[in-house]
Amino acid sequence: MVTYLQPFVALVLGVTLARGQVAPAPTTQSTGWNSSFELSPEQVKLGNLTSDLATVINTITNFDRSQLANGGAHEDGFYNVQSLPKGQWPTEPGKTIKLQKFTDPSPFSIPAKTAMSRIVYSTTNANGTLIPASAYILWPYQAKILGGRSTNHTAGSSAPVVLWTHGTSGFYANGAPSTHRGLFYADLVPFALAEAGYAVVAPDYAGLGVDTSWDGSHIPHQYFVREAGAHDALNALRAAQESFPKHLTNDYVVMGHSQGGAVAWGLTEILGRNESTFGDVMKGYRGAVIVAPPTDAFAVSSGGFLAWIAKNLDQIYPSFNLSDWFTPLGVDKIKLLNQVEGSQMVTFAMFGPEAPTVQPDWNETWYAKSFEQLANPGNRPFAGPVLVVQGTADPTVAYNTTKNTVEKTCRRYPGDMELLAVPKGSHFAAINAAKQSWLQWIENRFEYLPVAKRGCVQSQLDSFLPVDHYQKLPNSFPLWAGKSQWSYELPTAL
Ligand SMILES: *[C@@H]1O[C@H](CO)[C@@H](O)[C@H](O)[C@H]1NC(C)=O
Ligand SMILES: *[C@@H]1O[C@H](CO)[C@@H](O)[C@H](O)[C@H]1NC(C)=O
Ligand SMILES: *[C@@H]1O[C@H](CO)[C@@H](O)[C@H](O)[C@H]1NC(C)=O
Ligand SMILES: *[C@@H]1O[C@H](CO)[C@@H](O)[C@H](O)[C@H]1NC(C)=O
Ligand SMILES: *[C@@H]1O[C@H](CO)[C@@H](O)[C@H](O)[C@H]1NC(C)=O
Ligand SMILES: *[C@@H]1O[C@H](CO)[C@@H](O)[C@H](O)[C@H]1NC(C)=O
Ligand SMILES: *[C@@H]1O[C@H](CO)[C@@H](O)[C@H](O)[C@H]1NC(C)=O
Ligand SMILES: *[C@@H]1O[C@H](CO)[C@@H](O)[C@H](O)[C@H]1NC(C)=O
């Protein structure tokens, strides 16, 4: 053993030995430690995969599965509602069906001194069918203390609520952030909010988490259908407030990114319609932070992206057939993706450029035009105020597209909408860059301060140091190391 390590090891082992336990020897950790997934030969053939690609998909899948707390949504009984007696099936959206008041945080990599709850609640899909969905609540240690005029908030007794609508995290049950050790967005958003004193109410979106209804029917994730996601969010808020009336404020700010940016924008449009069905949640609405929202969904038209939308599109358009958009090879790859319930990174590996998977005229179909109406937010009345944050170097959501949609929307419809540009900001890194701005904006809404400038505003967030000296993209993530043989990786866990 290297001598300089000895005092440290003695300290760590000393703590363990003092409890009368034998400390396991430190072992090497792998990122795929909790899974031994391997594609079968039939699956390799179905996807027309080379053996190199099959190995890549095995590696990614074992990583993905090792990121799941309690073995993920299929193994964690929390996500199973099929034993719910018929007499207890909900009859309206926004009702808690299952309440896990205190989630065991040990299999999660949430920050020390944050706590978690999870709920399964009723919501509606794009066609109005009542279905279950899951959500987590991430709790602060110390609730943010607000002064000002904030209603129903005596210092620290309840935590101000941010309703967080996440971006693309998956397409199947295990894509649910509430089953991901780091809640998928980790310190980018939920940890940052909780550590700033907010309670983060975070819908998984239907089909992610709970994928089978109380009646045994399958629940697909209606990817990119913005109002389906918005209903999931508003119903999660209702259910959470009903289950934790003392701990959550009625007031809330919505924040969303990417797929969830479109969801958050769609939510402002639902509230902007003043429908009586959402009158209850309109009262506490204080505004929305929308980061990198896709407002032109089919600007991306890779086979993988279209597969996520198409794989369950017949639930919305019963006459839709995968062969309307995909070649036979593409259809087979979707079958394989469904079999392995592949993640985003698995999809990218599976839908390579080797052979065409998409029909050349997919975008001329009626389904494509109709789906754009379900996907793209903007150019409609909305409930403000809204802060849109957009990186100018975002490869996924073009800055110009967001700028055009914002300009069209707020010139045509009255309301406060600010576009904050992050120079050279990328799809996720814009969130890091603008953290102080959006945290301050959220705080100001809870303090009932007027927005700095009314109406259609554009601003730019310049960096403090020359922009090229900053880390451009992240190159690390919170790796769960909760077994004692890995305690040497956690010198800050004493
Ligand atoms: C399978 O992939 C190979 C390249 O690895 C390609 O040449 C072939 O055309 C593909 N087969 C089909 C049915 O598309
Ligand atoms: C590892 O996976 C198994 C089986 O999927 C699961 O039961 C277990 O909870 C997981 N371990 C941890 C520490 O999450
Ligand atoms: C404050 O709380 C009470 C009781 O919980 C509720 O009836 C009232 O509507 C709330 N007021 C506001 C402005 O949210
Ligand atoms: C919704 O209601 C508010 C308050 O009653 C009103 O100011 C606003 O103009 C209404 N919006 C629409 C689109 O009807
Ligand atoms: C769902 O709603 C869409 C759009 O309103 C409609 O075209 C479709 O027929 C409905 N699908 C089912 C299965 O009811
Ligand atoms: C979908 O299209 C394929 C290929 O054209 C066809 O074989 C299949 O029967 C169609 N499925 C349905 C449900 O119409
Ligand atoms: C469909 O895509 C093709 C090729 O990218 C393009 O030339 C065509 O204009 C598109 N059609 C529509 C209706 O967008
Ligand atoms: C964005 O729009 C500006 C001004 O309209 C134009 O100069 C620029 O070339 C556009 N950039 C891209 C990437 O389309």
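Just so it is clear, the values below take in all heavy atoms, side chains as well, and ignore hydrogens, waters and symmetry mates. Since we're looking at a predicted model, the values are computed, not measured. Start at 1 and go down the list; that is how both ligands and their atoms are numbered.
- Which parts of ligand 7 touch Glu364 is read off a 4.0 Å heavy-atom cut-off, strictly below it: atoms 1 (C), 8 (C), 10 (C), 11 (N), 12 (C), 13 (C).
- Ligand-side atoms of ligand 2 in range of Trp480: 13 (C), range being under 4.0 angstrom from any heavy atom.
- Taking the six-membered ring for Trp and thresholds of 30 and 60 degrees, His166 and Tyr185 have ring planes inclined between 30 and 60 degrees apart.
- A heavy-atom separation below 4.0 Å is not found between Phe108 and ligand 2.
- Counting heavy atoms of neighbouring residues, nucleotides and ligands inside a 6.0 Å radius, atom CD of Glu38 does not exceed 12 of them.
- Here the heavy atom of the protein found nearest to atom 5 (O) of ligand 2 is Glu75 OE1, 2.8 Å.
- Using a cut-off of 4.0 Å between Lys/Arg side-chain N and Asp/Glu carboxylate O, Arg273 and Glu269 are scored as not salt-bridged.
- For ligand 2, the atoms sitting less than 4.0 Å from at least one non-hydrogen atom of Gly71 are 5 (O), 6 (C), 9 (O), numbered in the order shown with element in parentheses.
- If you check which protein heavy atom lies closest to atom 14 (O) of ligand 2, you get Arg181 NH2, 2.9 Å.
- The residue from Asn376, Asn400, Thr295 that alone fulfils the side chain to side chain contact (heavy atoms under 4.5 Å, CB included) condition with Thr405 is Thr295.
- Protein heavy atom nearest atom 1 (C) of ligand 7, with residue, atom name and distance: Asn363 ND2, 1.5 Å.
- Under the 6.0 Å distance and 45° angle rule, Arg380 does not count as a cation-pi partner of Tyr413.
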Distance-only donor-acceptor pairs under 3.5 Å for side chains of residues 298-311, two or more places apart:
| from | atom 1 | to | atom 2 | distance (Å) |
| --- | --- | --- | --- | --- |
| Ser302 | OG | Phe305 | N | 3.4 |
| Trp308 | NE1 | Thr347 | OG1 | 3.0 |
| Lys311 | NZ | Phe171 | O | 3.2 |

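- The pair Lys435-Asp187 does not count as a salt bridge, with every side-chain nitrogen at least 4.0 angstrom from each carboxylate oxygen.
- Taking a distance limit of 4.0 Å, we find that atom 11 (N) of ligand 7 is approached by some protein heavy atom.
- Among all protein heavy atoms, the one lying closest to atom 8 (C) of ligand 2 is Asn34 ND2, 3.9 Å.
- Close approach of ligand 2 to Asn70 is summarised as follows: ligand atoms under 4.0 Å from at least one heavy atom of the residue are 9 (O), 14 (O).
- Close contacts between ligand 6 and Asn321 involve ligand atoms 1 (C), 2 (O), 3 (C), 8 (C), 10 (C), 11 (N), 12 (C), 14 (O) [criterion: under 4.0 Å to a heavy atom].
- Under a 4.0 angstrom heavy-atom cut-off, Arg65 registers as lying outside contact with ligand 2.
- Between Phe351 and Phe326, the two ring planes are perpendicular [angle over 60°; tilted spans 30° to 60°].
- Atom 4 (C) of ligand 6 has Ser323 OG, 3.7 Å as its closest protein atom, hydrogens excluded (heavy atom only).
- His427 and Ser258 share a donor-acceptor pair across their side chains, judged by distance under 3.5 Å alone.
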